[in-house]
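It should be emphasised that the depicted structure is a prediction, and the values quoted were computed from it without experimental measurement.
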Amino acid sequence: MTEELYQRPTWDEYFLMIAKLAATRSTCLAFPVGAVIVKDRQVLATGYNGPPSGSSHCTSQGFCYPELSSCDASKVLPSRAVHAEANAIAQAAKHGISTNGSVIYVTLEPCIYCLKLVISAGIKEVFYETPFNSGEKAALRDMFIKEGLVILKQISISETIAKKAATSLLFPTSVAKSSKLEEE
């Protein structure tokens with residue numbers, strides 16, 4: 001039990017948790033997605049999915065389009081959302097931060113359009129939690145991998161680390177844990 005109490009998240013778990021926190025800012029009704037771009041174990045930028053800056057949030061208006069509960073409810077109308085990866089890359093660009101040679105952690109495997117953007121932004125590795133691409137899209141993704149343009153890896157957070165993170169979100173973290181400290 002003591003070992004679990006002091007177990008630290010791996011770097012992959014740490015950055016995936018940051019991406020999951022970014023996803024809590026999503027304004028997309030279909031499903032929230034978060035992303036974090038990292039280089040040399042330093043966060044460069046974060047992003048989450050939702051309409052472009054200045055446009056009405058789907059969550060605040062209660063719909064993506066009038067008469068539709070979410071963007072994925074239509075096969076014809078395009079999604080209003082800027083994807084999390086694109087927002088993270090745009091955030092880095094807006095602040096003059098190079099993403100060349102970096103990695104990205106995403107809660108959902110990038111769609112093909114975002115994967116092409118990730119590759120073009122010089123991001124070399126993609127760590128994701130939930131798979132997305134299938135069929136012909138997976139074939140194109142696999143072609144990019146085979147060409148050595150990008151590495152994709154599905155990762156997860158261990159139950160022990162997830163519980164520790166949940167506890168740290170629910171209760172103050174910067175308090176003494178030892179009664180010995182209270183006696184001093």
Side-chain angles (χ1 to χ4, degrees), residues 12-39 43-61 63-65 67-95 97-157:
D12 287 343
E13 289 174 318
Y14 174 71
F15 292 122
L16 182 56
M17 286 191 290
I18 294 172
K20 288 171 80 78
L21 283 174
T24 66
R25 294 280 305 153
S26 172
T27 60
C28 180
L29 293 169
F31 48 89
V33 180
V36 59
I37 301 173
V38 176
K39 187 171 185 179
V43 173
L44 301 181
T46 62
Y48 52 87
N49 60 331
S53 295
S55 183
S56 297
H57 295 300
C58 300
T59 51
S60 62
Q61 62 187 21
F63 57 84
C64 297
Y65 291 101
E67 310 297 320
L68 288 181
S69 59
S70 69
C71 292
D72 64 351
S74 171
K75 300 292 182 209
V76 182
L77 295 170
S79 170
R80 294 180 61 235
V82 176
H83 291 183
E85 307 90 329
N87 268 326
I89 291 167
Q91 201 63 347
K94 188 186 280 189
H95 295 285
I97 300 168
S98 172
T99 57
N100 194 41
S102 63
V103 301
I104 191 167
Y105 290 82
V106 194
T107 59
L108 181 68
E109 177 187 3
C111 71
I112 291 303
Y113 301 106
C114 284
L115 186 58
K116 291 187 283 186
L117 181 61
V118 161
I119 292 166
S120 294
I123 298 171
K124 299 300 181 192
E125 291 182 87
V126 177
F127 297 92
Y128 64 93
E129 180 179 48
T130 305
F132 179 74
N133 294 305
S134 60
E136 293 170 351
K137 293 176 183 176
L140 180 55
R141 174 204 62 207
D142 294 346
M143 185 178 79
F144 292 151
I145 293 168
K146 187 176 180 182
E147 291 175 337
L149 300 176
V150 68
I151 297 168
L152 276 88
K153 182 178 178 187
Q154 185 175 5
I155 61 173
S156 62
I157 299 168

*Measure from the side-chain N and O atoms of Glu109 to the backbone N and O of Phe132, and report whether any donor-acceptor pair falls under 3.5 Å.*
yes
*Any sub-3.5 Å donor-acceptor pair from Asn133's side-chain atoms to Pro110's backbone N or O?*
yes
*Which one of Val118, Leu117, Leu108, Val126 satisfies the side-chain contact (heavy atoms from CB on, under 4.5 Å) criterion with Glu85?*
Val118
*Relative to the ring of Phe15, is the ring of Tyr105 parallel (under 30°), tilted (30 to 60°) or perpendicular (over 60°)?*
tilted
*Roughly how far, to the nearest 0.5 Å, is the CD1 atom of Ile145 from the CG atom of Leu140?*
10.0 Å
_Restricting to non-hydrogen atoms, name the atom on Ala23 and the atom on Gly34 that form the minimum distance, rounded to 0.1 Å._
CB-N, 3.4 Å
*Using side-chain contact (heavy atoms from CB on, under 4.5 Å) as the criterion, point out the one residue from Thr99, Val38, Leu115, Leu44 that pairs with Ile123.*
Thr99
_As a quick check of understanding, evaluate side chain to side chain contact (heavy atoms under 4.5 Å, CB included) for Arg141 and Ile112, giving each step before the final call._
CA-CA 7 Å; Arg141 174 204 62 207; Ile112 291 303; 4.0 Å; yes
*Search all heavy atoms of Glu13 against all heavy atoms of Ser156 and return the closest pair with its distance.*
CG-O, 3.8 Å
*Are more than 12 heavy atoms from other residues, nucleotides or ligands located less than 6.0 Å from atom CD of Glu147?*
yes
*Backbone N or O of Glu129 within a donor-acceptor pair of the Gln154 side chain at under 3.5 Å?*
yes
*Quick one: SG on Cys114 to CD1 on Ile89, what's the gap to the nearest 0.5 Å?*
7.5 Å
*Looking only at heavy atoms, what is the nearest atom pair of Ala45 and Gln91, with distance?*
CB-CB, 4.2 Å
*If you round to the nearest 0.5 Å, how far is OG1 of Thr107 from CG of Leu16?*
7.5 Å
_I need the single residue from Leu152, Ile155, Val33 that forms a side-chain contact (heavy atoms from CB on, under 4.5 Å) with Tyr128. Which is it?_
Leu152
*asked:* Quick check against the 3.5 Å criterion: does Ser26 have a side-chain atom that pairs as donor or acceptor with the backbone of Asn49?
replied: yes
_Can you tell me if Phe144 has over 12 outside heavy atoms packed within less than 6.0 Å of its CZ?_
yes
*CD of Glu125 to CD1 of Ile151: how many Å apart, nearest 0.5 Å?*
4.5 Å
*asked:* I'd like to know whether NZ of Lys39 has more than 12 heavy-atom contacts from other residues, nucleotides or ligands below 6.0 angstrom.
replied: yes
